[in-house]
A.B. asks: 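Take a look at this one; I'll ask things after.
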Amino acid sequence: MFVANTHTPLLFFSSKGLCYKLKTYKLPEAAAAAKGRPLVNLLPLENGETITAILPVPEEEVERVRASGKEHFLMFATASGTVRRNRMSDFDQIRANGKIAMKLDEGDSLISVLPCNEDQDVFLATYRGRCIRFPVDEIRVFAGRNSTGVRGMNLGTDDRIIGMAMLTHGESDAAVRAAYIKQSRAARRAATGVDEEASDEDEEATSLVLTEDQMAQMAANEQFILTISENGFGKRTSAYEYRTTHRGGNGFANIKLGGKNTAVAGSFPVENGHDVMMVTDGGKIIRTPVDDVRIAGRATAGVTLFRTGENERVVSAISIVSDEAEAAEVEADAAQITE
């Protein structure tokens with residue numbers, strides 16, 4: 001699921017490592033509950049080839065990046081934990097019959113493609129509740145497109161990558177991060193009177209006390225990661241709890257699994273004021289404000305966000321701009337134009 005304008009170019013990445021391109025208006029418009037049309041009617045897909053990632057590339061964003069002089073890249077991630085980085089310019093010209101995007105090992109599939117720059121960290125989340133975070137610049141820029149990439153994360157038995165996100169490069173000092181988490185939890189408890197669920201794997205306590213200015217600066221840069229299980233449990237966690245490591249490691253716990261919490265459906269950054277939308281394999285959909293999702297520790301189980309039926313599971317989740325936030329943005333843009 002994604003949001004795009006009529007003339008936004010869309011890059012379609014297939015399970016066979018090919019890239020196709022269409023503009024949004026070429027997709028059939030339909031009601032929310034409509035079935036839609038098979039993509040094989042819109043793209044020249046081969047037998048057994050499926051679309052595994054779709055990337056909107058707004059032309060105004062591309063022009064803004066080029067004008068800034070800062071080079072942008074595309075980061076690829078596969079289900080087996082392989083990652084690769086290419087220049088975005090490698091995908092400017094795409095023929096109607098597609099273009100090779102990434103060579104895939106037999107049995108592997110492309111699960112996510114995202115724009116990135118060297119000021120960010122790569123966040124990978126797995127089906128069995130593990131995750132890893134490492135700097136973008138640990139992945140070299142590949143000159144060609146017909147290559148498999150490098151190891152991003154080692155996976156356990158019966159595990160696979162289910163999502164990738166780009167995070168702002170965070171605070172690397174463990175003591176500072178631990179102090180911020182401790183003090184921010186105390187502040188939320190004082191404001192709400194509710195004890196925040198902490199992880200069983202919380203980092204060691206620290207005696208460091210941050211000043212108000214330090215707390216304000218870290219709060220301004222804080223990101224939250226929303227993790228949702230297949231059974232509809234979910235929680236928000238400060239990105240400061242996700243330490244930066246090196247690529248190729250085994251990672252660490254992202255959510256506590258067990259009992260009804262069996263596996264992860266999605267894990268991605270969210271912003272205050274936005275909504276989260278979840279879809280099940282039974283065709284049900286729910287939309288709820290991100291602010292209503294409880295903040296909890298990294299290795300906790302979370303709370304019920306979506307009451308799924310028997311043999312039903314959440315298969316997709318996305319953060320979208322709420323109606324109120326979108327209206328406020330439109331007003332702000334109109335005011336700016338008037339000025």
A.B. asks: Spell out, as yes or no, whether a donor-acceptor pair under 3.5 Å connects the side chain of Glu241 to the backbone of Arg298.
C.D. replies: yes

A.B. asks: Rounded at 0.5 Å granularity, tell me how far OH in Tyr180 sits from CZ in Arg185.
C.D. replies: 11.5 Å

A.B. asks: Please report the closest heavy-atom contact between Thr244 and Phe134, naming both atoms and the distance.
C.D. replies: CG2-CA, 4.2 Å

A.B. asks: Hydrophobic side-chain clustering at under 4.5 Å (ILVMFWY, transitive links): who's grouped with Val209? Put none if nobody.
C.D. replies: none

A.B. asks: Which atoms form the tightest heavy-atom contact between Val136 and Val122, and what is the distance?
C.D. replies: CG2-CG2, 3.8 Å

A.B. asks: Under a 3.5 Å cutoff, is there a donor and acceptor pairing between the side chains of Gln223 and Tyr240?
C.D. replies: no

A.B. asks: Does a salt bridge link Glu118 with Arg85, judged by any charged N lying under 4.0 Å from a carboxylate O?
C.D. replies: yes

A.B. asks: If you draw a 6.0 Å radius around NZ in Lys99, do more than 12 non-hydrogen atoms from other residues or ligands fall strictly inside?
C.D. replies: yes

A.B. asks: If I take atom CG from residue Asp291 and atom CZ from residue Arg236, how far apart are they, to the nearest 0.5 angstrom?
C.D. replies: 5.5 Å

A.B. asks: Tell me whether the NZ or CZ atom of Arg133 lies within the 45° cone about the ring axis of Tyr242 and under 6.0 Å from its centre.
C.D. replies: no

A.B. asks: Taking atom CD1 of Ile286 and atom CZ of Arg307, what is their separation to the nearest 0.5 Å?
C.D. replies: 10.0 Å

A.B. asks: Do you know the tightest heavy-atom contact between Ile162 and Val264?
C.D. replies: CD1-CG1, 3.8 Å

A.B. asks: Give the table of side-chain donor-acceptor pairs shorter than 3.5 Å for residues 23-35, with sequence neighbours excluded, one pair per line with atom names and distance.
C.D. replies:
residue : atom : partner : partner atom : Å
Thr24   : OG1  : Asn5    : O            : 3.0
Thr24   : OG1  : Thr8    : O            : 3.0

A.B. asks: Report the distance from atom OG1 of Thr262 to atom CZ of Arg313, rounding to the nearest 0.5 Å.
C.D. replies: 9.0 Å

A.B. asks: Report yes or no: is the cationic atom of Arg84 (NZ for Lys, CZ for Arg) under 6.0 Å from the centre of the six-membered ring of Phe76, at an angle within 45° of the ring normal?
C.D. replies: yes

A.B. asks: For the pair Phe12 and Leu22, evaluate side chain to side chain contact (heavy atoms under 4.5 Å, CB included) and give the outcome as yes or no after the intermediate values.
C.D. replies: CA-CA 8 Å; Phe12 295 80; Leu22 283 179; 3.8 Å; yes

A.B. asks: Work out which heavy atom in Arg128 is nearest to a heavy atom in Asp159; give both atom names and the distance.
C.D. replies: N-OD1, 2.9 Å

